[in-house]
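A quick write-up on the structure given underneath.
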Amino acid sequence: ADRIKVGVFPSSAALPFYVAVNRGYFKEADLEIEEVPMTSHPLTVQALVSNGIDAAVNLVTLEGANMESRRPNTLKYISLNGQNAQHVIEQFVVKADSPARTLKDFRNGFKLFSAPGPANIGAARAVLRKVGLAEGKDFTIQEQQIGVHLGALQSGNFDGGYTLEPSATIMVAQKVGKRIEAGVISTYLLGNKSASAFAAGAVMSGRFMADKPDVARRFAAAWARGVKEAQADSSARGYLVQGMKVPPELAATVPLPRIVMARDMTPADVGDFQKFLDIGTELGVVKARIDGKALVRAF
Amino acid sequence: MSTHLPIGTAAPGAADAGASHRWYPKGTHITIRGLTKRFQDATIYDNFDLDIPKGKIVSVFGPNGCGKSTLINMIAGILPCDSGQILFEGKEARETRIGYVFQNYREAVFPWLRAIDNIRYPLQYLNLSKAQQQSRMDRLMESFDVKLDLQRYPYQMSGGQQQLVSIMRALVVDPEVLFLDEPFSALDYEMVMFLRERLQKVLVERRTTTLLVSHDLDEAVLLADEVLLLTKRPTRVAENLPFDVARPRTADTTITPAFIATKTRALDVFQREVRKP
Amino acid sequence: MSTHLPIGTAAPGAADAGASHRWYPKGTHITIRGLTKRFQDATIYDNFDLDIPKGKIVSVFGPNGCGKSTLINMIAGILPCDSGQILFEGKEARETRIGYVFQNYREAVFPWLRAIDNIRYPLQYLNLSKAQQQSRMDRLMESFDVKLDLQRYPYQMSGGQQQLVSIMRALVVDPEVLFLDEPFSALDYEMVMFLRERLQKVLVERRTTTLLVSHDLDEAVLLADEVLLLTKRPTRVAENLPFDVARPRTADTTITPAFIATKTRALDVFQREVRKP
Amino acid sequence: MSLAHRANAFGARLRPLFGIAALIGLWAFVHATRAVDPVLLPSPLEALAAFWNGLAHGTLWGDFFKTIVRTVTSFGLALVIAVPLGIVLGSNEKIYESIEFAIDFFRSTPASAMFPLFLVLFGVGEATKIAVAAFGAALAILFNVAYGVMSARKQRQLAAKVMGAPRWRVLTDVILLESMPQVFVGMRSGVSIALVIVIVAEMFIGSTDGLGQRIMNAQTIFDMPDMYASIFAAGLLGYVMNLVFLVAERRFVHWGGK
Amino acid sequence: MSLAHRANAFGARLRPLFGIAALIGLWAFVHATRAVDPVLLPSPLEALAAFWNGLAHGTLWGDFFKTIVRTVTSFGLALVIAVPLGIVLGSNEKIYESIEFAIDFFRSTPASAMFPLFLVLFGVGEATKIAVAAFGAALAILFNVAYGVMSARKQRQLAAKVMGAPRWRVLTDVILLESMPQVFVGMRSGVSIALVIVIVAEMFIGSTDGLGQRIMNAQTIFDMPDMYASIFAAGLLGYVMNLVFLVAERRFVHWGGK
Ligand SMILES: Nc1ncnc2c1ncn2[C@@H]1O[C@H](COP(=O)(O)OP(=O)(O)OP(=O)(O)O)[C@@H](O)[C@H]1O
Ligand SMILES: Nc1ncnc2c1ncn2[C@@H]1O[C@H](COP(=O)(O)OP(=O)(O)OP(=O)(O)O)[C@@H](O)[C@H]1O
Ligand SMILES: [Mg+2]
Ligand SMILES: [Mg+2]
């Protein structure tokens with residue numbers, strides 16, 4: 001069997017991977033998978049560059065784009081994870097007992113935290129600006145590690161924040177917080193509630209695809225099967241429990257993104273993706289404007 | 001004083017009639033009773049008694065390792081004893097003004113202070129005004145007339161110079177009790193002669209109770225009012241020789257019959273004790 | 001040997017005719033030429049010359065702080081000199097088997113080794129077999145016949161006992177050159193007597209070049225083939241008194257006219273030098 | 001007397017327990033007063049229960065063991081490299097001065113900032129975690145050993161030199177022993193640092209096991225009892241490893257302070 | 001002679017530069033051989049340029065300054081608390097033994113694992129960063145000072161006692177000075193640890209400035225020259241702070257090793 005090292009960042013978007021592993025899709029494709037756990041996206045990028053891994057099941061697109069612009073042909077996305085109001089990932093939350101009902105209620109020095117990284121805080125700021133709020137006057141925002149978001153709400157240090165799944169689900173389940181609005185990137189930045197914000201996706205390293213095109217193709221095919229199952233079969237969610245240590249009672253409710261294989265992208269998707277990348281460039285997260293079509297590879 | 005009378009200790013026969021409630025002879029400054037000290041396996045003192053007279057110079061002469069330094073440390077209150085009592089006219093060591101020239105003089109001076117500050121150091125615990133402190137220092141400097149550069153740090157001095165600093169530090173407080181543990185061992189001939197003369201004068205004048213350890217028998221006898229001869233371990237008092245020739249005693253004293261007699265006697269006792277198996 | 005002849009140094013007059021190429025007298029073991037040593041501001045030695053004869057005992061007598069320990073340290077090669085040369089029959093200090101009893105004996109023994117291992121320590125650098133090493137140790141133990149418990153660690157010993165260990169450590173290697181810096185300062189009367197006798201015997205027998213620093217003039221003269229009198233700083237040789245009375249010398253020697261003459265002379269010179277302003 | 005002595009010795013043995021008791025007492029107090037929301041700070045009992053369950057029925061022991069292995073490995077590596085190097089550097093002030101910059105530089109740089117560099121050098125596997133922890137521990141040991149050697153008193157070294165000891169024997173026989181107390185400080189600092197870095201590496205460099213990863217996971221899913229149980233395990237491990245050196249030092253450096 | 005002496009002294013002054021030079025040389029070599037992908041490891045020149053630009057035209061100086069202020073504050077706090085406490089604890093072995101557990105426990109627990117607790121206690125503002133760094137530094141200082149006090153030689157303490165010094169004066173006049181070298185080790189460890197924790201806190205506790213946040217951001221957007229420039233700034237800061245203590249020690253502990 002051909003060995004392939006796959007970076008996995010524990011998030012719900014890794015579900016297709018767990019499905020493919022547990023249901024033997026990779027084995028059927030004669031692939032021997034070595035799972036390399038990743039704790040951050042920069043780490044994933046770094047591992048791709050230095051050949052520590054051949055592929056990664058989820059990588060933030062802005063990071064990938066940024067690396068492509070600095071070092072072309074480092075990686076290509078084989079599938080993209082779209083998020084919006086239905087496929088919830090990013091969202092604003094507030095304390096459970098907060099009077100705030102909509103984003104517009106974030107007034108009078110509303111204290112917000114944000115998921116870490118320039119992309120997240122940049123997006124949060126841009127959304128709030130679109131809503132018509134002024135930073136400093138209406139709200140303040142500060143990065144916090146996802147791990148402390150619940151504590152930040154609970155201890156009263158913050159009124160609300162911009163967080164990601166599965167943190168929000170756990171907050172709601174623990175009755176510490178409540179959702180205000182999800183899918184804000186699509187709604188406010190892409191300008192269409194049902195547009196997909198392709199914030200992450202599965203990648204393969206450029207060198208891997210060049211050196212072992214056949215292995216890469218088989219991996220992509222097995223991955224596509226996993227993607228399909230993950231979205232069609234709700235029993236597949238059970239794999240999240242062991243894979244990313246989500247509490248079993250929450251596994252069923254953790255939202256999944258809309259995962260689209262590169263070959264299945266519609267023209268609207270292509271446009272949304274480009275728009276999303278351009279926002280990244282605007283935020284200064286991506287070094288130079290990059291063509292979305294060049295960043296994906298269809299198998 | 002009698003408040004410290006320990007119950008169950010027999011009054012020694014030497015106690016004079018006029019003060020039969022005393023369990024130590026009159027004129028005693030330091031009383032040691034039932035002192036016991038062990039180091040791991042070795043017993044140094046076992047039920048040791050001693051009276052050190054007030055205002056006298058007692059020379060201690062004994063073989064290496066018999067426990068002279070140990071004894072002084074226990075009297076000075078810096079080494080605990082296993083049992084027994086040590087009293088200063090009914091006081092505690094802490095309440096007494098003590099001067100101590102350590103045998104290990106190099107390790108007892110403070111290397112972070114200049115020699116002059118080392119000497120001045122103990123003065124601050126005497127409740128003296130700045131002016132009084134200074135006058136003590138001046139008096140000391142005058143009486144020693146040292147040609148030594150006291151602005152140096154101890155580690156910049158020779159062994160003998162450090163020892164001299166140590167002696168001056170012990171004397172500056174005008175101690176009630178002075179312990180001299182081989183205080184001249186590193187000093188040159190001239191300095192030893194000078195100090196013998198000076199110390200006699202000062203100590204007798206001020207009636208300082210002094211315990212002098214010396215391995216130089218001439219010196220031990222010359223300076224002493226009493227020569228205390230110790231045995232090997234477990235240590236006892238082999239003999240306590242009084243030597244009350246008039247002072248000042250000089251090199252000439254060493255050829256007087258009284259001196260020679262005492263010295264010979266001391267040597268006899270010492271050698272007998274040391275050569276015991 | 002003459003390879004070490006320094007250019008520009010005048011041959012001293014004392015060099016005998018048969019070896020006019022020598023710049024030191026015949027029978028010299030250690031030659032010191034133009035030695036200069038400063039500590040910060042203070043000049044200790046300035047262009048100091050000295051010849052130490054081979055196989056003899058030289059006593060060094062001088063005031064505190066004149067630089068006796070400093071001199072020995074420079075000869076032993078553990079203190080750099082500012083300029084000048086020190087040669088061991090044309091060799092280096094490193095190539096010579098040296099025994100050294102430090103004035104600061106407490107800090108020179110190894111507290112992590114038992115006394116016996118401290119004494120044995122230098123043997124390993126002598127290229128001896130294990131059996132030879134043991135026989136050296138046995139011979140030493142025998143000739144010292146110590147009643148001391150050598151299984152103790154130094155910090156469990158009295159000052160005198162530590163000094164004795166230090167002396168034994170210096171002697172065990174059967175040194176070519178022996179430095180004794182106030183080696184008996186903490187030893188008891190009996191031990192001093194014993195060591196004076198023993199050392200004379202051993203050193204003369206083995207023709208060990210010895211430098212003895214002592215502030216006890218009796219001792220310095222008694223043991224010496226030559227008494228070296230030093231001045232105050234900057235240090236010069238005030239006088240070099242030979243003393244060649246037959247050995248063994250005992251307490252009886254100290255009442256011979258030769259001894260008294262030498263001692264008196266030494267004292268005169270010493271006091272004259274010390275009292276110079 | 002002997003009885004009192006024994007009771008005393010027993011008390012001395014138990015003394016560290018007072019410290020633990022005080023700490024847990026404080027924790028229980030804070031919890032009881034609800035000064036901190038119980039969701040964020042569980043009671044000591046909950047944490048202890050999580051600890052116990054984790055050990056008895058769960059995977060805590062496996063993670064614990066992994067962390068121990070990594071810590072010991074990296075500390076051993078650090079020791080082997082840093083002690084000899086520290087002695088050599090310390091005894092050669094010129095060389096030390098010229099590399100002091102590097103030592104102080106890296107000592108003052110967080111291990112997590114070094115991760116990218118080590119990832120580049122050692123890849124994303126086990127090697128990086130061990131290497132970066134060994135590096136951090138080695139710096140601490142090196143720093144302490146070199147310092148101890150530099151500030152060791154000179155008299156005994158000179159004595160050894162006079163006795164004919166070659167330079168390297170002076171190093172091993174005298175300088176090393178003279179600076180032993182400082183070497184032990186270095187080892188105790190080193191073992192704590194190795195543990196800290198291993199845990200941080202387990203947190204931030206991909207890992208599927210180890211206490212660090214456990215802390216991180218527990219934090220992500222807000223399982224506070226398990227998080228504190230893991231932290232407690234880490235601290236306990238650190239204490240025990242320190243204790244080993246403490247006891248070793250008491251035994252070995254019998255001459256200390258005398 | 002005086003000239004040679006001066007040249008020598010000059011060489012000694014420059015010696016630390018050799019260390020920097022060697023480090024940068026190695027870096028340049030690795031970069032030149034492309035052993036590491038240049039996108040991950042920029043050339044020293046690029047990093048230097050980023051450093052320089054950041055200082056001259058950019059925001060590096062602001063972040064640098066923020067980190068300095070935080071480090072100095074937390075270190076100062078740690079010093080004020082830990083030195084007296086260390087002396088007291090060190091001179092009282094019984095108390096020390098009972099809190100040793102806590103000291104070793106927390107020394108062996110990563111600061112980042114402590115963040116949640118400190119966030120709960122001190123909120124998300126500046127206070128947490130300073131508190132957690134001060135805590136870490138205080139532990140290191142405490143550990144070293146107490147150790148120094150405990151293993152200080154006894155002779156001089158006894159001498160002071162005989163001279164009538166009360167217990168607390170023995171502490172300040174003798175024990176403290178006797179253990180000065182170890183106190184300096186503690187301070188140097190402490191200042192490095194304070195810096196490390198401040199940077200880690202800036203990385204992981206919400207922060208809008210400081211070198212840590214800068215490193216983190218640069219890493220996220222793969223601006224490696226800026227990342228290394230920031231790391232370099234942190235290391236340099238650490239070195240300089242260590243240097244201050246090094247020089248202070250040379251001046252102050254003039255009797256060391258003698
Ligand atoms: N810490 C210790 N542990 C074990 N034994 C000790 C310790 N300190 C001293 N001793 C022993 O106690 C005895 C007495 O020691 P002390 O220093 O009082 O002798 P001393 O009479 O002053 O001898 P010296 O004339 O050599 O100075 C010695 O035999 C020594 O071995
Ligand atoms: N490290 C130093 N710094 C400055 N001066 C020093 C240093 N070491 C020694 N000295 C000075 O050098 C001189 C000689 O010292 P040395 O120890 O050789 O004297 P000594 O002749 O052995 O005296 P003693 O009989 O007291 O042992 C002394 O005056 C001393 O002050
Ligand atoms: Mg003694
Ligand atoms: Mg001397």
Side-chain angles (χ1 to χ4, degrees), chain D residues 12 15-16 18-20 22-23 36-37 40-41 94 97-102 104-110 112-113 116-117 120-121 140 143-144 147 150-154 181-182 185 188-189 192 195-196 199-200 203 212 215 219 227 231 234-239 241-243 246 256-258, chain E residues 12 15-16 18-20 22-23 36-37 40-41 94 97-102 104-110 112-113 116-117 120-121 140 143-144 147 150-154 181-182 185 188-189 192 195-196 199-200 203 212 215 219 227 231 234-239 241-243 246 256-258:
Chain D
R15 223 169 273 141
F18 297 157
I20 309 184
L23 204 68
V36 173
D37 198 298
L40 300 180
L41 187 71
K94 285 188 191 172
E97 264 178 33
S98 44
I99 92 152
E100 180 143 58
F101 175 80
D104 289 347
F105 182 99
F106 286 116
R107 274 198 316 116
S108 312
T109 316
S112 38
L117 194 64
V120 162
L121 297 173
F143 169 65
N144 275 286
Y147 182 87
M150 274 190 292
S151 56
R153 281 179 294 160
K154 302 288 170 291
Q182 194 67 43
V185 172
R188 287 179 62 186
S189 299
S192 288
L195 176 59
V196 165
I199 290 177
V200 172
M203 283 172 149
I215 294 173
Q219 203 191 353
M227 184 179 99
I231 291 180
L236 194 69
L237 180 56
Y239 172 69
M241 289 192 301
N242 268 278
L243 196 64
L246 193 73
K258 282 164 192 162
Chain E
R15 226 169 271 140
F18 297 157
I20 310 184
L23 204 66
V36 173
D37 196 302
L40 299 182
L41 188 71
K94 285 186 192 173
E97 264 179 32
S98 43
I99 91 153
E100 180 144 58
F101 175 81
D104 289 348
F105 182 99
F106 287 115
R107 277 199 312 116
S108 311
T109 316
S112 38
L117 193 64
V120 163
L121 296 173
F143 168 67
N144 276 286
Y147 183 88
M150 276 190 292
S151 57
R153 281 179 295 158
K154 302 287 170 288
Q182 194 68 41
V185 172
R188 287 179 62 186
S189 299
S192 288
L195 177 59
V196 164
I199 290 177
V200 173
M203 284 172 149
I215 293 173
Q219 199 191 350
M227 183 180 96
I231 291 180
L236 195 68
L237 179 57
Y239 172 70
M241 289 190 302
N242 268 277
L243 197 63
L246 193 72
K258 281 164 192 162

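Since the structure is predicted, the reported quantities are computational estimates derived from the model, not experimental observations.
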Heavy-atom proximity to chain D below 4.5 Å, by part of E:Ile231: both
Side chain / backbone / both / neither for E:Met203 at chain D, heavy atoms under 4.5 Å: side chain
Contact origin within E:Leu236 toward chain D - heavy atom pairs under 4.5 Å: both
Gap between atom CG of E:Leu23 and atom CD1 of D:Ile99 - 0.5 Å precision: 10.0 Å
For chain E, the option from D:Gln182, D:Glu100, D:Arg188 that forms the most heavy-atom pairs under 4.5 Å: D:Arg188
Heavy-atom pair count under 4.5 Å with chain E, highest-scoring of D:Leu243, D:Val185, D:Leu237: D:Val185
Non-hydrogen atoms of D:Ser192 and E:Arg107 that approach each other most closely: OG-NH1, 3.4 Å
Separation of E:Leu246 CG from D:Tyr147 OH (nearest 0.5 Å): 9.0 Å
Under 4.5 Å from a heavy atom of chain D, the part of E:Asp37 involved: neither
Inter-residue atom distance E:Ile199.CD1 - D:Ser112.OG, 0.5 Å rounding: 9.0 Å
Max heavy-atom pair count under 4.5 Å with chain D, selected residue of E:Ala22, E:Pro181, E:Ala140: E:Pro181
Residue part contacting chain E, namely of D:Met227, when any heavy atom lies under 4.5 Å: side chain
Per-residue contact mode, E:Ile20 against chain D (heavy atom under 4.5 angstrom): both
Segment of D:Ala113 engaging chain E (4.5 angstrom heavy-atom cut-off): both
Test log, rule side chain to side chain contact (heavy atoms under 4.5 Å, CB included), inputs D:Phe105 and E:Asn242: CA-CA 9 Å; D:Phe105 182 99; E:Asn242 268 277; over 6 Å; no
Contact winner vs chain E - D:Gly235, D:Gly256, D:Gly238, D:Ala102, heavy-atom pairs under 4.5 Å: D:Gly235
Engaged part of E:Met150 at the chain D interface, taking heavy atoms whose separation is under 4.5 Å: neither
Reported CG-to-CG distance for the pair D:Leu117 and E:Leu40, which is rounded to 0.5 angstrom: 10.0 Å
Proximity of E:Tyr239 and D:Phe101 rings by center, below 6.0 Å: yes
Smallest separation among heavy atoms of D:Pro110 and E:Val200, with atom names: CB-CG2, 3.6 Å
Reported CG-to-CG distance for the pair D:Leu121 and E:Leu41, which is rounded to 0.5 angstrom: 8.0 Å
